[in-house]
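So the structure is just underneath, and the comments pick up after that.
We use all heavy atoms of the structure for the numbers below, so side chains are in, but hydrogens, waters and symmetry mates are not. Numbered from 1 within each chain, the chains take letters A, B, ... in sequence-line order. Predicted model only: the values in this text are computed from it and were never measured.
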2 protein chains.
Amino acid sequence: MNNLKRQLIPEPDSTRPPRWLNNHEWSAWLHLLATFTLLPAAIDSQLQREAGMSHFEFGVMAALSRQPGRRLQLKDLAVVANGSLSRLSHVISRLERRGWVRRVSGTKGRATNAELTDKGYRKLMEAGPVHFREVRRLVFDVLTPQEVKDLRRVTGRLNAGLIPETNLGPLARRVRAGALRQSS
Amino acid sequence: MNNLKRQLIPEPDSTRPPRWLNNHEWSAWLHLLATFTLLPAAIDSQLQREAGMSHFEFGVMAALSRQPGRRLQLKDLAVVANGSLSRLSHVISRLERRGWVRRVSGTKGRATNAELTDKGYRKLMEAGPVHFREVRRLVFDVLTPQEVKDLRRVTGRLNAGLIPETNLGPLARRVRAGALRQSS
DNA sequence: ATTAGCAACTTGAAGCTTCAACTTCAAGAA
DNA sequence: TTCTTGAAGTTGAAGCTTCAAGTTGCTAAT
């Protein structure tokens with residue numbers, strides 16, 4: 001299976017560049033890289049084909065569907081969806097055009113809320129099973145329960161490092177900080 | 001830490017949509033999702049800022065640098081880089097414009113090889129340490145050796161399922177099959 | 001010796017994301 | 001009050017990726 005990599009990326013020698021990581025790390029990194037390239041691509045394209053939406057759009061709508069009133073302020077939605085405010089703004093515009101979400105301007109400050117419409121909700125309910133069947137097939141069916149636990153642990157550790165410093169647009173740091181403060 | 005998620009995504013009740021996955025899976029999925037959204041974004045933006053190239057471009061050049069003659073046919077490069085041929089073709093054009101790679105038409109069939117130039121090699125040598133310092137900081141410094149092993153195992157399993165069926169452009173399946181055949 | 005079919009690209013358009021700049025609103029300082 | 005600052009969004013342009021539709025060069029039938 002990994003003969004491919006072995007053949008196409010031969011061991012370095014004096015005339016070739018150094019490896020920058022030790023063997024264990026290098027191997028883990030190659031695998032991780034492949035996973036986070038291939039998995040999102042697979043999920044995205046399936047959802048696009050069978051439900052006509054991207055995975056990010058799905059995530060946004062799913063997050064809304066779980067909120068009371070099916071609405072949430074954009075800055076919070078950005079945090080939940082792991083995206084920048086700018087990206088979100090564009091996405092909400094697209095979803096609005098399709099009639100799945102509408103903007104409702106909030107009361108305080110410049111707040112804008114995104115609200116899932118009934119049409120959007122129906123669409124989401126239709127897409128959900130399709131999507132999660134695929135997630136199950138690609139992820140949970142191939143892993144043992146122990147591996148799922150390991151996965152959760154390791155990704156949890158990684159996120160703990162990533163979240164506090166990720167710059168999802170210049171605002172995210174403050175946003176995350178604020179959201180954490182009010183929720184603790 | 002996860003209070004955030006807990007607050008912003010409350011438990012479902014009768015009026016809210018079902019969860020589609022069980023608790024363990026759901027939690028693992030949320031974490032995995034965050035990781036493969038945040039980690040590539042972090043890596044990409046750092047590499048872009050400090051070396052003026054995307055992570056994908058880095059990967060392509062790094063793969064070339066390890067080949068004899070620092071060159072490789074595009075279809076094989078596509079496999080190594082986990083990208084579609086089309087994407088690769090565009091990327092190679094960009095890298096050519098910057099003088100880091102050149103196209104060399106191969107001998108058989110319609111083969112085209114990409115070859116890393118000296119300038120590209122120097123650039124890569126400059127970017128490598130910068131990049132891998134960040135990888136180490138974000139990934140390997142936060143994980144224990146055991147967790148690195150787990151990560152490698154789990155991603156290995158996932159890839160085994162993903163690789164054979166991933167449709168990286170309509171050609172990838174055949175490409176992968178071919179590449180595997182000739183290397184086994 | 002044609003011709004059909006496939007493999008390996010290339011290309012242009014459409015769609016998404018990022019980036020930087022700009023607008024608006026709310027508070028607090030002066 | 002007026003000024004300043006910062007938070008929350010919006011927007012347009014630039015850059016990348018994907019998708020579909022070409023090319024072009026083998027190879028295997030007929």
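- For the segment residues 94-103 of chain B, the set of residues with a heavy atom within less than 4.0 Å of an atom of DNA chain D comprises B:Arg94, B:Arg98, in numerical order.
- Partners of A:Gln48 under the side-chain contact (heavy atoms from CB on, under 4.5 Å) rule, at least two apart in sequence or in another chain, are A:Ser54.
- Remark: P of C:dT18 and NE2 of B:His55 are 16 Å apart, rounded to the nearest angstrom.
- With sequence neighbours excluded, the residues satisfying ring pair (Phe, Tyr, Trp, His ring centres under 6.0 Å) with A:His55 are A:His131.
- To the nearest angstrom, C1' of C:dA8 lies 14 Å from CG of B:Leu77.
- For the pair A:Ser86 and C:dT18, the criterion of a side-chain N or O lying under 4.0 Å from OP1 or OP2 is not met.
- The nearest whole Å value for the distance from the CZ atom in A:Arg49 to the P atom in D:dT18 is 13 Å.
- Straight-line distance from the NZ atom of A:Lys75 to the P atom of D:dG9: 7 Å, rounded to whole Å.
- Ranked by how close their nearest DNA chain C nucleotide is to the 5' end, A:Gly109 and B:His90 are led by B:His90.
- With sequence neighbours left out, the side chain to side chain donor-acceptor pair (under 3.5 Å) criterion links B:Arg98 to B:Glu57.
- We find that CD of A:Gln46 is positioned 16 Å from P of D:dT18, with the value rounded to whole Å.
- For A:Arg133, the salt bridge (Lys or Arg N to Asp or Glu O under 4.0 Å) criterion is met by no residue, not counting sequence neighbours.
- Atoms CG (A:Asn113) and P (D:dA8) sit 13 Å apart, rounded to a whole Å.
- Rounded to whole Å, the distance from CG on B:Leu85 to P on C:dT11 is 12 Å.
- Listed by chain and number, the residues in a salt bridge (Lys or Arg N to Asp or Glu O under 4.0 Å) with B:Arg87 amount to none (sequence neighbours excluded).
- Backbone-only contact: A:Gln73 has heavy atoms under 4.0 Å from sugar-phosphate atoms and none from a base.
- Panel note: side chain B:Asn159, backbone B:Thr155; a donor-acceptor pair is recorded below 3.5 Å.
- Taking the salt bridge (Lys or Arg N to Asp or Glu O under 4.0 Å) definition, one finds that A:Glu25 meets it with B:Arg136, sequence neighbours left out.
- Remark: B:Arg102 engages B:Glu115 in a salt bridge (Lys or Arg N to Asp or Glu O under 4.0 Å) (not counting sequence neighbours).
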Every protein N/O lying under 3.5 Å from an N/O of nucleotides 21-23 of chain D:
residue : atom : partner  : partner atom : Å
D:dT23  : O2   : B:Arg110 : NH1          : 2.5

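- Although no hydrogens or angles enter the test, the distance criterion places no donor-acceptor pair under 3.5 Å between the side chain of B:Ser27 and the main chain of B:Asn23.
- Position along DNA chain D of the nearest nucleotide to B:Glu57 versus A:Gln48 favours B:Glu57 as the more 5'-ward residue.
- With rounding to whole Å, B:Phe56 atom CZ is found 7 Å from D:dT17 atom P.
- Checking the phosphate oxygens (OP1, OP2) of C:dC9, a side-chain nitrogen or oxygen of B:Thr112 falls inside 4.0 Å.
- Interface remark: the A:Ser45 side chain does not form any donor-acceptor pair with the D:dT18 base, using a distance-only criterion of under 3.5 Å.
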